[in-house]
Every structure is written in structure tokens, then in C-alpha cells.
2 protein chains.
Amino acid sequence: MHDITKLFKALSEEVRLRILGLLIHGELCVCYLMAALNLPQSTVSRHLTYLVNAGWLEGERRGVWMYYRFSGKSDNLRRDLLAVLTTRLMEIPEVTRDHERLKEYLRTKPTSACG
Amino acid sequence: MHDITKLFKALSEEVRLRILGLLIHGELCVCYLMAALNLPQSTVSRHLTYLVNAGWLEGERRGVWMYYRFSGKSDNLRRDLLAVLTTRLMEIPEVTRDHERLKEYLRTKPTSACG
DNA sequence: GACACGCATCCGCCTATGCGGATAAACAAT
DNA sequence: ATTGTTTATCCGCATAGGCGGATGCGTGTC
């Protein structure tokens, strides 16, 4: 039961929902998440760690860069919830706004950002 | 966005998931919930109020008795989540145990109980 | 109005977790 | 080893909300 409440608790914070909303279309580096969310690095990092510990995400380091994506682990509840999130998160204005910001960042893409 | 995080936060506590699990088959009076959950009245009442405020439940008073059921209000996210909960909550041992307790209570059903 | 019952809320105590700047740790190049 | 970059974690502060017994509020009967 503790695993389950942890799954839902992870979804009970705006920043974390926004992160999941950004990762729906595939993995992203922290530097992109920071730009899209327009939040300080420590805030983003803290929430990513929470989502990993709750079982939603997994991270992969590539050099200095850290990428996050939805966890490959799968159980019935998480799979069902993920299906719901995949459609419903995109209906949230804050999430669509983040996607616009991400697109803009990709277009202007500083050379200092990850490959 | 605040409504959405509130929905998930409501699901992030064991007692509240257990309450929702008990209400899946239909409305129940608080006295039944207390018996099935085997928890003090104040604890049950507090969580019921939280679930009402989060948008999951609605209550109806009948004399001194208070009945709760899933809210008639419907939006996309809540409807999808409810569909998930309807199947997945019954897979949780604590929830099935509550149902057994409820059945036992119904069988022995003190005359002082509602209905 | 008095009394009884069911249930919402208060209360004191405690734990969990939000925030962002500072710092530590990990990685890479020289 | 030094320097630079990215990111995880610490820190102090603040808010939210868990617990259950006590109390207040609402309903019903006499």
C-alpha cells in the first residue's frame, strides 16, 4: 500500500505533474527541463529525485548530462495511470505552456546545452 | 492545476484509498465505514471531509445518519482515474480485507446501526 | 427544554515536504 | 592537479496534514 500512496503523492505537486507532462513525448535532459519549466536547478533536481524514488522515472547519466524518462518498470496501476496521464496532462494549460517554452528553447538552443 | 493536485493528494493516503475502495460498490453510511475500516470516528470523519473537499465524494444526511458516495460531478481526468481505481483498488490487500470486515459487519449488523 | 446519538471539528503533538541559494559530488578537459 | 560544467543534496524556514481523544454541532424523541 505504501508504494501506491507514494505513486499518488508524487502526482500531488504541480511541478512534478509538469515534469511528467514534458516527458510524455520522450526522455529529456535536465537542462531542457529547467528551461521548459523556467525553474531553478535545485527545484527541478529535487522533484526529479522524488519522481525516481516514487517509481515514475528513471535517470541515465551521459557524461555531465543527466537524462530522465518514464520508468521501464511496469505494474497494473502505474500502467493504467500512465495511460490516463498521457492524454489528460496535455489538457492542462500549465503543461501546454511548458511545451511551448521547450519548443522555443529547442529553436534557440544554446550551444552550451547538451547534445 | 490546483484542483488536479488536490485530486491526487486525496489519493496519497492509505485511509482515503481504503474509503474509496469501500465505496466502489455504492454509497455507505459512516457507521459502516467505521466498522469496515476499524478506525475511530474522528479519523474516518476527517478523511471523508477531505475527500469531499477534493471533489471525490459527496455526502447526504438522512436523519442522524450520514451517507457518502462518489461525487456526481464529472470531468475527464476524474472519470478516467475513477475507472482505474474501480479495478485496481480491489487488487490491494488492505482494501479486500476491509470488504471482508464490512461483510462480517453486515452479517452481524447491530440494531443500533443505520438503515 | 432535556436527553441521546451520530458525526464534524478542535486541539496538541508530530511528521512530511514545499521553497531556492549554497555547497558537495560527479564528470570532463587540460 | 586544476579548472569548469552539470546536477544532487544540504540548509533554514515555512506550510500542510497525519493521529485520536475531547468537544461542539446537528438531528430526533419525549
Side-chain angles (χ1 to χ4, degrees), chain A residues 1-19 27-54 56-69 94 105 109-115, chain B residues 1-19 27-54 56-69 94 105 109-115:
Chain A
M1 178 62 114
H2 177 65
D3 289 347
I4 295 169
T5 53
K6 252 203 130 9
L7 269 183
F8 284 121
K9 183 157 286 189
L11 300 179
S12 66
E13 270 294 326
E14 173 171 337
V15 175
R16 293 203 284 272
L17 283 178
R18 289 169 65 194
I19 287 172
E27 69 169 18
L28 284 172
C29 172
V30 176
C31 63
Y32 282 110
L33 288 170
M34 281 164 58
L37 295 162
N38 198 26
L39 287 172
Q41 180 267 320
S42 68
T43 301
V44 177
S45 201
R46 234 187 340 95
H47 285 295
L48 285 168
T49 301
Y50 195 105
L51 286 166
V52 168
N53 291 337
W56 280 107
L57 301 184
E58 63 194 17
E60 180 183 343
R61 185 172 276 280
R62 299 181 198 150
V64 284
W65 310 104
M66 198 68 193
Y67 287 78
Y68 286 88
R69 60 183 167 258
E94 287 90 338
Y105 187 74
K109 188 151 175 191
T111 56
S112 59
C114 68
Chain B
M1 178 62 114
H2 178 65
D3 289 347
I4 295 169
T5 53
K6 253 198 126 14
L7 269 181
F8 285 120
K9 183 156 285 186
L11 301 178
S12 66
E13 270 294 322
E14 173 172 335
V15 174
R16 293 202 284 271
L17 284 178
R18 287 169 66 195
I19 287 172
E27 71 169 15
L28 284 173
C29 172
V30 176
C31 62
Y32 282 109
L33 288 170
M34 281 164 59
L37 294 163
N38 199 23
L39 288 172
Q41 179 266 322
S42 69
T43 301
V44 176
S45 201
R46 230 182 351 89
H47 286 295
L48 285 168
T49 300
Y50 196 103
L51 286 166
V52 168
N53 290 337
W56 280 107
L57 302 183
E58 63 193 17
E60 180 183 342
R61 184 171 279 279
R62 297 183 199 148
V64 285
W65 312 102
M66 198 68 192
Y67 287 77
Y68 286 88
R69 60 183 167 257
E94 286 90 336
Y105 187 73
K109 185 145 176 201
T111 56
S112 61
C114 70

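Every chain is numbered from 1 and lettered A, B, ... according to where its sequence line falls, protein lines coming before strand lines. Being a predicted model, the structure only gives us computed values, none of them experimental. All values below were derived from every heavy atom in this structure, side-chain atoms included, with hydrogens, water molecules and symmetry-related copies excluded.
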Side chain of [X] - closest among [options]:
X	options	answer
A:K9	C:dA16, C:dC7, D:dG18	C:dA16
A:T43	D:dT6, C:dC7, C:dC19	C:dC19
A:P40	C:dG20, C:dG18, D:dT7	C:dG20
B:H47	C:dC7, C:dG18, D:dC19	D:dC19

Look at all strands and tell whether [X] reaches a base, only sugar-phosphate, or nothing, counting heavy atoms closer than 4.0 Å.
X	answer
B:V15	sugar-phosphate
B:T49	sugar-phosphate
B:R61	sugar-phosphate
A:R62	nothing

task: Supply the atom-to-atom distance B:E13 CD to B:I19 CD1, rounded to the nearest 0.5 angstrom.
output: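 The CD1 atom of B:I19 is 10.5 Å from CD of B:E13, to the nearest 0.5 Å.
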field: side-chain contact (heavy atoms from CB on, under 4.5 Å) between B:L7 and B:W56, worked out
entry: CA-CA 7 Å; B:L7 269 181; B:W56 280 107; 3.3 Å; yes
For [X] and [N], what is the distance between atoms [atom1] and [atom2] respectively, to the nearest whole Å?
X	N	atom1	atom2	result
A:L39	D:dA8	CG	C1'	17 Å
A:Y50	C:dA16	OH	P	11 Å
A:I19	C:dG18	CD1	C1'	13 Å
B:N53	D:dG17	CG	P	10 Å
B:E14	C:dA16	CD	C1'	16 Å
B:W65	D:dG28	CH2	C1'	11 Å
A:L48	D:dT6	CG	P	16 Å
B:K6	D:dG17	NZ	C1'	10 Å

task: Using the closest heavy atom to pick a nucleotide of DNA chain C for each, name whichever of A:G63 or B:V64 lands nearer the 5' end.
output: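 Counting from the 5' end, the first nearest nucleotide belongs to B:V64.
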field: DNA chain C: 5'-proximal contact among A:Q41 and B:R46 (nearest heavy atom)
entry: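 Result of the comparison: B:R46.
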side-chain N/O B:Y68 vs C:dA8 OP1/OP2, d < 4.0 Å: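 Yes, because at least one side-chain N or O of B:Y68 sits under 4.0 Å from OP1 or OP2 of C:dA8.
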query: Counting N and O atoms only, with roles assigned by atom type, does the side chain of B:R16 sit under 3.5 Å from a partner on the main chain of B:L51, one being a donor and the other an acceptor?
result: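 Side chain of B:R16 to backbone of B:L51: no pair is present.
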- prompt: Distance-only, no hydrogens or angles: does the B:S45 side chain make a donor-acceptor pair with backbone N or O of B:S42 under 3.5 Å?
  reply: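 A pair under 3.5 Å: no.
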message: Classify the ring geometry of B:Y32 against B:Y105: parallel below 30°, tilted from 30° to 60°, perpendicular beyond 60°.
response: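 Geometry flag for B:Y105 against B:Y32: perpendicular rings.
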